Every structure is written in C-alpha cells, then in structure tokens.
Amino acid sequence: MKTALVTGIAGQDGSYLAELLLAKGYRVVGTVRDVHKTSDNMSASLMSRVELIEWDMLDQKEIVDIFLRNKPVEVYNYAACSSGEGMFDDPVGIGEINGLAVARMLKAISEVDSGIHFCQASSSEMFGDAVGSPQSVETPFKPRSPYGAAKLYAHSMIRIYRQYYGLFVCSAILFNHESPRRGLNFVTRKIAYQSAKIKLGLANELRLGNLDARRDWGFAGDYVRAMWLMLQQPHAEDYVVATGKTHSVRDLCEIAFKHLGLDYRDYVREDANAYRPAEPVELVGNPEKTIKQLDWAPEVKFDEMVKMMVDAELQKLR
Ligand code: GDD
C-alpha cells in the first residue's frame, strides 16, 4: 500500500485530496496543527480512515522524523496561511509558513528519500501585478503581497531542487478554488452562507467589497485531482490549474440569490471600506498545458459550484 503525506489535511484541499487518495487505495497520513482540534471539513468517516500527526512547521528535525517514520511515496503541501484578506498581515509569519517551511520539506526529502514525489500548492497571487493575461507557467511573476512573495520563494526552491538536485518536485499554480468547505472569510463562501441565511429569514443584508472584482474560480475537488495527476507523470513539471474563465463577485451574487428565488440587488450592499486595490491586469489562468498533458479538465462548472455551495449552507442552517 502506497503512503501519501498531506500537510494541512484538515483544510479544504487536504480533505478533498484525502478522499481521493483513500478511494485510490493509499494509506493517508496528514499533518495538522493540533490533533485534538476537530475540523468541519473532515467527516467522522474520513477521520477514521486517515492518520493524523502534528508538525510544527518551523522544526526541520521533526519533518525528517515524519518522513523516516511514515515513508511516504507522495507528499502534498497544503499547509499555509491562505486567507485572501490576510495577505498583508504578519509578513514574517507568512514567510516562515508559506515559504521557508517548503525549503525545510525539500531539504528533508533530499536527505531521507530522493525518490519521493512532491507537490506544492502554489498560488496565482505570485503573478500579482501580472505583466500579461491570461497567465501560464511562462508568465513572469510580480507578487504584490507578502503572501505572494512567500509563495514565490517556495515555487523558486522547487525549481531549484528539481533542476539542481534532481528531485521529482512540482508546483501547482492554483487559481481560486472553492467548495462548501471553503473558509467563511473567502467571498464565495461568504455569499453562499449569507444568502442562505437571508432566505431563511436569519439575516437581511450582505455587505461586500468590490462587486466588480473578477476572479478565475474553479471547484477544489477538480483541482486536487490535477495535483494527484501531476505526481503520476514521467517527469516533474509545474502546471497552472485554472478554468481560464473569469466571473465577477456580482455574477456570484446573482447566481446564488437567483438559486434561492431572490434578487441580489435587494440585499447586497457594497462597502467601500472593504474594497481591495484592484489588479492592473486581470488574473486568469491559462490551463492549456494542464488539460493537454494531464488529460485533465474541470468537471464542475462555475454556476453548479455556486449552487452546490448555497445548497450546502441551506442544509447546514436548517
Ligand atoms: N474575502 C472577500 N470578502 N473578498 C471580497 C469581498 C468580501 O466581502 N468583496 C469583494 N471581494 C473580492 C476580493 O477583493 C477579491 O478580488 C475576490 O473577491 C476574491 O477574494 P477572496 O475570496 O478573499 O480570495 P482571494 O482571491 O483574495 O485569495 C484566494 O485565492 C488565491 C488564488 O489566487 C485565496 O485562496 C488565496 O490563498 C489564493 O492564493
């Protein structure tokens, strides 16, 4: 039985990937910050099928021990500070977790077992003030937040360990990916949750930032499948994981409220204080290489995903 190690397994991507790996017959070991803390993303059945361990991401010796004890053939790194709203907070902490911790893992792989296949959840935030649109693996990076800069450091270390140390290490440049397991601080889940509350008479308005902000939003379950495929290839490479289409926050609201039989214009209020500076160039991924080389395609469409998220909120609230 092959063992996969998933850091940050209790998050959105970790829980979807764990389900996929278990269905494929892997033994799944996951790292969390606190094994006693429960996560809404991990059902009781999922919890009973994975092995959870704690890893202090600042500790180099501990990650070496984890690799030696568990002998993973594949490692997926999802542990990160990931909030879009918090991209400028705590630059040093973000640098440690989103950047240096990846260097610790790569060093540990080279010391313990250079045959391990490794996939890093990189981010479209590395493109930041992008120089062109859509963005592919060839597009130069211009991060504009400590979050994007730390992710870029990790991304660069992966290329270095691949080219100069010969490791099978890949970077998945992920554009926004969502699901009912997304945190409430992300705009998709905020809209799904609040619109369901309004429908049930538990709230009467939804305050958002810029309704015209656009993103390339896909479904998290599709994106973890791409990352698994990346590690099954004959050669390690980087890939952009995206849909190639953008939608606005307004589109999101329209679909969510319409699904509930409501008109978003009656409930959504734009709050200028919650505006974030807009990107000069639209962030939208070019997934051509990923589709062709991995034989991958996003299966859940944007409107299906929004409706799935709204339905999940309704069910939970009821
Ligand atoms: N969170 C939030 N709340 N965003 C809002 C709101 C609001 O009330 N109103 C408008 N937005 C806009 C934001 O300005 C942004 O343009 C867009 O909605 C999406 O915001 P988030 O859902 O917070 O995600 P993000 O794009 O900042 O970051 C996510 O995607 C990155 C990939 O590009 C995160 O998942 C990052 O970890 C990830 O790297």
Side-chain angles (χ1 to χ4, degrees), residues 1-22 26-43 46-83 86 89-123 146-147 150-151 153-155 157-158 161 165 167-172 174 181 183 220 224 227-228 230-231:
M1 194 188 246
K2 293 202 279 187
T3 298
L5 179 80
V6 183
T7 72
I9 196 168
Q12 167 185 261
D13 296 359
S15 60
Y16 278 110
L17 180 74
E19 286 166 357
L20 180 134
L21 293 170
L22 288 167
Y26 285 73
R27 166 181 169 241
V28 179
V29 179
T31 73
V32 287
R33 257 177 281 183
D34 180 353
V35 285
H36 302 294
K37 222 171 125 192
T38 53
S39 153
D40 289 346
N41 296 328
M42 309 267 289
S43 63
L46 184 55
M47 284 290 276
S48 68
R49 288 179 299 151
V50 299
E51 297 168 40
L52 296 185
I53 47 177
E54 279 175 22
W55 174 37
D56 168 2
M57 297 182 77
L58 306 184
D59 192 331
Q60 176 73 32
K61 188 179 166 298
E62 210 169 281
I63 190 67
V64 169
D65 288 347
I66 289 172
F67 286 162
L68 283 171
R69 267 202 320 273
N70 292 285
K71 300 188 174 37
V73 292
E74 290 171 18
V75 175
Y76 298 84
N77 181 38
Y78 294 160
C81 310
S82 74
S83 151
D89 303 343
D90 189 14
V92 175
I94 287 180
E96 277 285 1
I97 303 300
N98 291 8
L100 278 176
V102 178
R104 287 190 189 101
M105 279 180 256
L106 296 169
K107 186 165 181 284
I109 290 174
S110 70
E111 286 170 9
V112 173
D113 176 3
S114 58
I116 290 175
H117 287 197
F118 176 87
C119 181
Q120 157 74 353
S122 285
S123 165
Y147 172 95
K151 284 276 181 181
Y153 169 74
H155 178 82
M157 290 304 282
I158 286 164
Y161 268 87
Y165 295 70
L167 297 190
F168 193 113
V169 290
C170 313
S171 174
L174 305 168
R181 300 181 194 173
V224 299
M227 289 187 264
W228 176 77
M230 284 167 62
L231 295 197

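Given the structure is predicted, the values throughout are model-derived calculations rather than measurements. These values consider heavy atoms only, across backbone and side chains, with no hydrogens, waters or symmetry-generated copies.
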Assess whether side-chain contact (heavy atoms from CB on, under 4.5 Å) is satisfied between I109 and F118, documenting all intermediate values. CA-CA 9 Å; I109 290 174; F118 176 87; 3.7 Å; yes

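- The distance from the OG atom of S171 to the CG atom of N77 is 10.5 Å, given to the nearest 0.5 Å.
- Proximity of V102 to Y161: side-chain heavy atoms (C-beta onward) are nowhere separated by under 4.5 Å.
- Note: M47 CE to S15 OG = 11.5 Å, rounded to the nearest 0.5 Å.
- Smallest separation of non-hydrogen atoms from A172 and C119: CB-SG, 4.2 Å.
- N70 places a side-chain heavy atom less than 4.5 Å from the side chain of R27.
- With salt bridges taken as basic N to acidic carboxylate O contacts below 4.0 Å, none links R69 and E51.
- The closest donor-acceptor contact from the side chain of N98 to the backbone of C81 lies under 3.5 Å.
- The line from CG of D59 to CE of M57 is 11.5 Å long, rounded to the nearest 0.5 Å.
- In plain terms, the two heavy atoms of I94 and P146 that are nearest each other are CG2-O, 3.9 Å.
- Minimum interatomic distance between W55 and A101 (heavy atoms only, all atoms of both residues): CH2-O, 4.2 Å.
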Report the C-alpha separation of L46 and L22 in whole Å, then their side-chain angles, then the decisive distance to 0.1 Å, and conclude whether the side-chain contact (heavy atoms from CB on, under 4.5 Å) test is met. CA-CA 9 Å; L46 184 55; L22 288 167; 3.5 Å; yes

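- Distance check, rounded to the nearest 0.5 Å: CG of L17 to CH2 of W228 gives 10.5 Å.
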Let me see the working for L20 and Y26 under side-chain contact (heavy atoms from CB on, under 4.5 Å), right down to the final yes or no. CA-CA 9 Å; L20 180 134; Y26 285 73; over 6 Å; no

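- Taking OH of Y16 as the reference point, atom CE of M227 lies at 12.5 Å (rounded to 0.5 Å).
- Across every non-hydrogen atom of T7 and Y78, the tightest pair is OG1-N, 3.0 Å.
- Tested against V28, the residues L21, T3, L52 include a single side chain to side chain contact (heavy atoms under 4.5 Å, CB included) partner, L21.
- The backbone N or O of S110 lies less than 3.5 Å from no partner atom in the side chain of S114, so there is not a single donor-acceptor pair.
- The two residues A103 and Y153 have their closest heavy-atom pair at CB-OH, 3.7 Å.
- In this structure a side-chain-to-backbone donor-acceptor pair under 3.5 Å is present from E54 to V35.
- The pair E96-R104 meets the salt-bridge criterion, with a side-chain N (NZ, NE, NH1 or NH2) lying under 4.0 Å from an Asp/Glu carboxylate O.
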Given the rule in the side-chain contact (heavy atoms from CB on, under 4.5 Å) test, do K151 and Q120 qualify, once you have shown the distances and angles that lead to the verdict? CA-CA 9 Å; K151 284 276 181 181; Q120 157 74 353; 4.1 Å; yes

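- Rounding to the nearest 0.5 Å places CD1 of I63 at 10.5 Å from CG of D56.
- Inter-residue side-chain proximity for Y165 and L106 is flagged as unmet; no heavy-atom pair is nearer than 4.5 Å.
- Of all heavy-atom pairs spanning L174 and A121, the tightest one is CD1-CB, 3.7 Å.
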